[in-house]
Amino acid sequence: MSAGFSEMDATESKSQPRPFSIKLWPPSQNTRQMLVVRVTDNLTTKSIFTQKYGSLSKEEAEENAKKIEDVAFATANEHYEKEPDGDGSSAVQLYAKECSKQILEVLKRGPSSKDDKEVLVSEEVSAPRDTMFDISKGARSFIEAKEAEETLEPLKEPGNSYTKICFSNRSFGLEAARVAEPILASIKNQLKEVDLSDFIAGRPEAEALEVMNIFSTALEGSILKSLNLSNNALGEKGVRAFGALLRSQSCLEELYLMNNGISEEAAEAVCELIPLTENLRVLQFHNNMTGDKGALAISKVVKRSPLLEDFRCSSTRVGSEGGVALSEALDTCTHLKKLDLRDNMFGVEAGVALSKALSKDAGLTEVYLSYLNLEDEGAMAIARALKESAPSLEVLDMAGNDITAEAAPIVAACIAEKQHLTKLNLAENELKDEGAIQISKVLEEGHLQLKEVDMSINSIRRAGARVLARVVVQKPEFKFLNIDGNFISDEGIDEVKEMFEKFPDRLGSFDENDPEGGDDEEESGEGEGDEHELETKLEKLEVDKEE
């Protein structure tokens with residue numbers, strides 16, 4: 001095993017070049033300072049809230065504002081690091097929401113009395129800052145003994161209230177680990193959340209294993225709710241190096257093992273070392289080398305986790321046998337809210353097995369089932385199951401499953417029932433105009449929260465593109481339509497662009513569109529000259545409502 005920066009699956013995604021994109025998070029220091037000024041104004045100027053609760057002096061407001069912004073930033077940043085959303089928009093929303101919440105709390109409490117001036121922010125406001133110890137900020141780097149002594153000094157302070165630690169993004173050498181060992185042992189009984197993701201990068205195998213052993217022994221016996229070991233090249237040796245810590249956990253609610261290079265043997269070690277998972281609510285097992293036999297081991301963990309709400313087992317090389325095992329295990333998890341099985345090789349049989357489990361998950365809000373080789377039979381089985389369950393479904397992702405227009409009526413019938421849907425991804429299928437129009441037809445009624453639709457690479461032509469665009473552009477919350485990679489004529493593209501004339505940023509590009517494609521359609525008598533007739537004909541198709 002090697003823990004080198006470029007040698008392990010755990011860090012592969014970090015080294016690959018990414019396309020240019022605008023990042024909304026983190027905010028600049030100037031932006032943060034501007035927010036402090038605005039919060040100060042909210043605490044001092046006349047408003048319905050200050051009229052009701054009273055305003056603060058400028059001095060007191062400024063001090064509160066700084067602490068409010070600090071807490072809001074820490075809360076939003078923690079959210080972004082746990083669930084990055086690409087551009088950071090959800091972190092920005094949480095940042096603003098948390099500020100508003102704390103402003104109201106401070107106003108409700110009122111101005112401080114002379115005897116109480118030192119208590120400027122409520123315990124609720126200051127708690128996040130006091131409980132999180134995070135050294136992950138800044139550039140990815142090594143940490144050695146001397147720096148470890150200085151950096152970890154706050155953890156040695158008597159009476160500190162840290163319950164969460166994050167050592168991610170800093171690679172611990174052997175001497176640094178030995179510095180951390182007694183410190184962690186001294187506070188382990190107060191810890192609730194431990195993030196050791198990406199903390200041995202670049203270290204030789206022998207040193208990395210010893211570092212993991214040291215941390216594991218130091219934290220053994222802690223009663224954690226959340227443990228993150230992601231982005232470390234664990235393998236079976238690495239999993240077993242954490243054996244003492246894993247075996248001692250009886251109350252774990254969240255376990256993250258992403259990008260760990262976990263093979264069949266390593267998965268079996270995970271199953272062996274964490275036998276008590278009845279409290280587990282989150283299990284994320286993304287981007288590993290698990291395969292079918294490894295999936296059998298993980299399915300045992302799932303089966304004994306009846307409270308599971310968030311399960312991710314994506315990009316793990318699981319085929320039909322492992323897919324069936326995982327699906328059968330999920331049958332016991334009736335509290336699921338988020339399921340992510342993307343990028344595996346399940347096939348039809350596993351898809352049908354999964355449909356039986358999904359029929360019991362009334363609380364599902366997000367389902368990611370793209371690139372599973374479901375084909376029509378598997379997709380229809382899942383659509384039928386979801387139609388009768390998951391009334392609050394917000395995200396449905398079934399891209400890249402070879403779904404044809406034959407399955408479209410059943411898929412459309414499912415979508416018709418999902419009035420809370422915000423994101424629909426059916427990209428890289430073979431729905432063609434017929435399927436696109438049937439799905440567009442059910443989206444016409446309601447679906448007022450719909451924000452994003454991706455039906456790229458579906459052999460859609462002018463008729464299907466026009467109907468879909470006309471429907472989604474009218475949705476009040478709609479943000480983005482992707483229909484690139486299809487066979488839309490130049491005239492059709494012009495028509496779609498005209499519909500989005502007022503909102504050009506909500507329409508994806510047509511760089512991969514092929515206006516000359518779709519010859520097979522022309523041969524069947526549905527050429528470009530018959531587009532309007534074809535559209536009228538397809539709009540009269542009935543959606544399957546009895547299945």
Side-chain angles (χ1 to χ4, degrees), residues 70-84 90-91 94 98 123-137 143 151-152 154-157 159-170 172 177 180-181 183-200 211-212 214-232 234 239 242 244-260 270 273-274 276-286 301 305 307-312 337-338:
D70 188 43
V71 168
F73 176 82
T75 302
N77 199 56
E78 182 181 355
H79 162 81
Y80 178 72
E81 290 181 350
K82 260 190 176 179
E83 296 187 35
S90 65
L94 182 59
E98 190 67 21
E123 291 180 8
E124 181 183 351
V125 172
S126 60
R129 184 193 60 188
D130 293 337
T131 59
M132 168 61 87
F133 182 79
D134 187 354
I135 64 171
S136 67
K137 305 297 185 294
I143 183 169
T151 303
L152 303 183
L155 294 176
K156 297 165 64 176
E157 293 178 3
N160 76 76
S161 56
Y162 293 116
T163 60
K164 309 172 187 178
I165 59 171
C166 178
F167 287 1
S168 180
N169 210 39
R170 304 301 305 276
F172 278 76
E181 182 177 18
I183 298 174
L184 293 176
S186 70
I187 63 168
K188 68 180 180 182
N189 290 332
Q190 68 192 54
L191 292 178
K192 298 300 179 186
E193 298 182 18
V194 170
D195 185 344
L196 298 179
S197 59
D198 193 21
F199 87 122
I200 53 163
V211 168
M212 288 187 277
I214 288 171
F215 274 78
S216 175
T217 302
L219 293 167
E220 181 181 7
S222 54
I223 304 175
L224 302 179
K225 289 186 176 181
S226 177
L227 177 61
N228 190 346
L229 300 178
S230 301
N231 301 317
N232 295 305
L234 297 180
V239 171
F242 277 110
L245 173 59
L246 291 172
R247 282 195 193 93
S248 67
Q249 298 308 304
S250 59
C251 299
L252 206 60
E253 295 181 10
E254 301 180 11
L255 178 61
Y256 301 88
L257 293 169
M258 299 185 286
N259 304 320
N260 287 128
V270 170
L273 294 171
I274 51 169
L276 300 175
T277 59
E278 60 266 24
N279 294 310
L280 204 62
R281 297 179 184 276
V282 178
L283 177 58
Q284 298 210 356
F285 203 75
H286 166 70
V301 178
S305 307
L307 299 181
L308 204 60
E309 297 177 359
D310 181 345
F311 179 55
R312 184 179 186 185
K337 295 179 180 178
K338 183 176 179 180

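Rounding to the nearest 0.5 Å places CG of Leu246 at 11.5 Å from CG of Leu276. Note that NZ of Lys188 and OG1 of Thr217 are 9.0 Å apart. Values are rounded to the nearest 0.5 Å. Atoms CG and OG1, from Leu252 and Thr277 in turn, are 9.0 Å apart once rounded to the nearest 0.5 Å. Here the CG-CD distance, from Leu184 to Glu220, works out to 13.5 Å after rounding to the nearest 0.5 Å. Atom OG1 of Thr151 sits about 6.0 Å away from atom CZ of Arg170, to the nearest 0.5 Å. The structure places CG of Leu196 at 9.0 Å from OG of Ser168, a figure rounded to the nearest 0.5 Å.
Ala177 approaches Ile214 most closely through the heavy-atom pair O-CG2, 3.5 Å. When all heavy atoms of Leu229 and Asn260 are compared, the pair lying nearest together is O-ND2, 2.9 Å. The shortest heavy-atom contact between Ile200 and Val211 is CG2-CG1, 4.0 Å. The minimum heavy-atom distance between Ser161 and Gln190, with the atom names listed, is C-NE2, 4.1 Å. Contact record, Asn279 with Ser250: ND2-O, 3.4 Å, taken as the closest heavy-atom pair. Here the shortest heavy-atom pairing between Leu155 and Asn160 reads O-ND2, 3.1 Å.
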Exercise for the section: Start with the C-alpha distance between Phe133 and Tyr162, add both sets of side-chain angles, then the distance that settles ring-ring contact (aromatic ring centres under 6.0 Å, His included), and finish with yes or no. Expected result: CA-CA 6 Å; Phe133 182 79; Tyr162 293 116; 5.4 Å; yes
Problem - Worked verdict on Leu219 versus Leu227 for side chain to side chain contact (heavy atoms under 4.5 Å, CB included) - result: CA-CA 11 Å; Leu219 293 167; Leu227 177 61; 6.0 Å; no
Handout entry: Verdict with reasoning, Ser222 to Gln249, per side chain to side chain contact (heavy atoms under 4.5 Å, CB included)
Key = CA-CA 7 Å; Ser222 54; Gln249 298 308 304; 3.6 Å; yes
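A distance-only check finds a donor-acceptor pair linking the side chain of Ser248 to the backbone of Gly221 [under 3.5 Å]. Checked by atom type and distance alone, the side chain of Ser216 pairs as donor or acceptor with a backbone atom of Leu245 at under 3.5 Å. Looking only at distances, a side-chain donor or acceptor of Ser305 sits under 3.5 Å from a matching main-chain atom of Val301. In this structure, Asp195 contributes its side chain and Ser197 its backbone to a donor-acceptor pair below 3.5 Å. In this structure, the side chain of Asn169 engages the main chain of Ser136 through a donor-acceptor pair within 3.5 Å.
Residue-environment remark: NZ (Lys137) exceeds the threshold of 12 foreign heavy atoms within 6.0 Å. Crowding of Leu307 atom CG: a count of heavy atoms from other residues, nucleotides or ligands under 6.0 Å exceeding 12.
Looking at residues two or more places apart in sequence or on another chain, you find no ring pair (Phe, Tyr, Trp, His ring centres under 6.0 Å) involving Phe242.
Counting heavy atoms from C-beta on, the side chains of Leu152 and Phe167 come closer than 4.5 Å. Val282 has its side chain within reach of Tyr256: a pair of non-hydrogen atoms, C-beta onward, lies under 4.5 Å apart.
Asn228 and Gln284 share no side-chain donor-acceptor pair at under 3.5 Å.
Ring orientation note: the planes of Phe199 and Phe172 are tilted relative to one another, at an angle of 30° to 60°.
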